J.: 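Sharing a structure below in structure tokens format, with a few things to ask.
Numbered from 1 within each chain, the chains take letters A, B, ... in sequence-line order. It should be emphasised that the depicted structure is a prediction, and the values quoted were computed from it without experimental measurement.
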2 protein chains.
Amino acid sequence: MTTTDAGGQVAARARGPYAKTAERRLAILEAATEVFAERGWRAASLRQIAEAAGISLSTLQHHFPSKVELLHATMTHRDEHRFERAPGALPSFPQTVVGQAVANEGVPRLIQLYSVLTAESATAEHPARDYFAQRFASLREEYAAEFAALGAAGALRPGVDPATAAALLIGLWDGVQLQWLHDPDAIEPAEALVAYLGLVIDDEALLPSAAQRARWRSDGIVSA
Amino acid sequence: MTTTDAGGQVAARARGPYAKTAERRLAILEAATEVFAERGWRAASLRQIAEAAGISLSTLQHHFPSKVELLHATMTHRDEHRFERAPGALPSFPQTVVGQAVANEGVPRLIQLYSVLTAESATAEHPARDYFAQRFASLREEYAAEFAALGAAGALRPGVDPATAAALLIGLWDGVQLQWLHDPDAIEPAEALVAYLGLVIDDEALLPSAAQRARWRSDGIVSA
DNA sequence: GTCTATACTAAGATAGAC
DNA sequence: GTCTATCTTAGTATAGAC
């Protein structure tokens, strides 16, 4: 995985001598997030992004020398806004997963960016291909371990293989987000995950209740 | 949905006075399928496709005046190769779904084309966007009806909603194919579908057995 | 009917002026 | 830091040869 530290620089220099640079970079990253999410990386043009950020193409290119570097910086910036598991508040793995999905509803642009790039990067010679292949692999590993732990605790439905359950969860999540992109009214990703987890997990108490999900939606949820 | 009848012309004129045209068009469609599947529609260049088909760019453009029309013709051509339900041979809906997934393994290029375009078309102003939005909607409807029928026959796990089961099936299928594109060794789409259907369906006899799937893989499967 | 040659516009990338 | 100019390649359109 090759990424720049652009996102980090924004935060690190926010009050430093290069405050204006940091502001510019942040504005560019937000504009890039929007345009990449809307059109994908390939179809997005640097001229569109520059216009959305209110600067000229050359200024954009001063801060991010290539379109690939801008993509990497945008994804790093996105990773910093991911939902992090709060150990005390969300004890179970299913609750963490659904909590992440609910939190995602609050940042639709970032989700759209992620979904569009996940999908687009399944093509040859895409600059984010390694990033997502790596991500799939580590997610499968992480989720399989979580499902295995649930199984050891007797909370898994009999006959369910942890590795398979993990791959299905990831596939379902991405696929449902894809449907959601095509038709936002047709499906709710978080509720789809609840339905799937309800099929795999034997202990209802491990899933977030409808009331809990509603509370997350109205009160917001812990986010890093 | 706007498609040309290009695919149809190929078959219709195969032995007619324009046999050479038909051959050319078929060669172009096969080259286009390969390049679109590999790189997506936007990143694919007409020059690449022409080279893959062994003709000049201008010749390609004579047969398909625009890149959009070539895409439509390619998708129509793909639709003609879809697996069709053989009423006698595959009595149950779950068997039809898994049979389709197994048949897909025999035409990885077409599946890659479909997956890549499904994903890519989730962006704004994509020429296949309407096609896939429509496809999602009709698939959800069709599968929901099938699950409802299973429910009426008492073959559905208690508490499973047909519409939700349908949306999950479609999402899972697409998402798993996406993972398969990123890492073909990590997951088998057909087996993933079996695992999911096993969670939703109460009657084991409705699912194709492992032996049945193996037989499909070795003997081939009815395909339109 | 089939194919080649050429020109036009927009994109990403680069160099250099201020 | 910001902008102008230029290069290469892409998609597209047109004229015309066989």
J.: Out of C:dC3, C:dT14, D:dA13, which nucleotide sits closest to the side chain of B:Gln61?
T.: D:dA13
J.: Of the candidate nucleotides D:dT2, C:dA13, D:dT12, which contains the atom at the shortest distance from the side chain of B:Leu46?
T.: D:dT12
J.: Does a side-chain N or O from B:Arg42 land closer than 4.0 Å to OP1 or OP2 of D:dG11, or not?
T.: no
J.: Can you list the residues that meet the side chain to side chain donor-acceptor pair (under 3.5 Å) rule with A:His63, with sequence neighbours excluded?
T.: none
J.: What contact category does A:Ala44 fall into here, base, sugar-phosphate, or nothing, at under 4.0 angstrom with non-hydrogen atoms?
T.: sugar-phosphate
J.: Report the nucleotide, chosen from D:dC3, C:dA11, D:dT12, that has the shortest atom-to-atom distance to any side-chain atom of A:Thr59.
T.: D:dC3
J.: If the threshold is 4.0 Å, N to carboxylate O, is there a salt bridge linking B:Asp130 and B:Arg135?
T.: no
J.: Which part of the nucleic acid does A:Ser56 contact within heavy-atom distance under 4.0 Å: base, sugar-phosphate only, or nothing?
T.: sugar-phosphate
J.: A:Arg47 side chain N/O closer than 4.0 Å to the phosphate oxygens (OP1, OP2) of C:dG12?
T.: yes
J.: What is the distance, to the nearest angstrom, from the CD atom on A:Glu125 to the C1' atom on C:dG12?
T.: 16 Å
J.: Taking only residues two or more places apart in sequence or in another chain, which ones pass side chain to side chain donor-acceptor pair (under 3.5 Å) with A:Glu141?
T.: none
J.: Could you tell me how far apart A:Gln48 (CD) and C:dA11 (C1') are, to the nearest whole angstrom?
T.: 11 Å
J.: Can you tell me if B:His62 touches the phosphate of C:dT4, counting only side-chain N or O atoms and a distance under 4.0 Å to OP1 or OP2?
T.: no
J.: In whole Å, what is the span from the NE2 atom of A:His63 to the P atom of D:dG1?
T.: 7 Å
J.: Please check if the distance between the ring centroids of B:Phe147 and B:Phe93 is under 6.0 Å.
T.: yes
J.: Take the protein atom CG of A:Leu60 and the nucleotide atom P of C:dA13, then report the distance between them rounded to whole Å.
T.: 11 Å
J.: Does B:Leu57 reach a base, just sugar-phosphate, or nothing at all? Heavy atoms under 4.0 Å.
T.: base
J.: Can you find an N or O donor on one side and an acceptor on the other, under 3.5 Å apart, linking the side chain of B:Ser45 with the base of D:dT9?
T.: no
J.: Could you tell me the separation between the CZ atom of B:Phe64 and the P atom of D:dA13, rounded to a whole number of Å?
T.: 16 Å
J.: To the nearest Å, give me how far apart NZ (B:Lys67) and P (C:dA11) are.
T.: 14 Å
J.: Any chance the side chains of B:Asn104 and B:Gln100 put a donor and an acceptor closer than 3.5 Å?
T.: yes
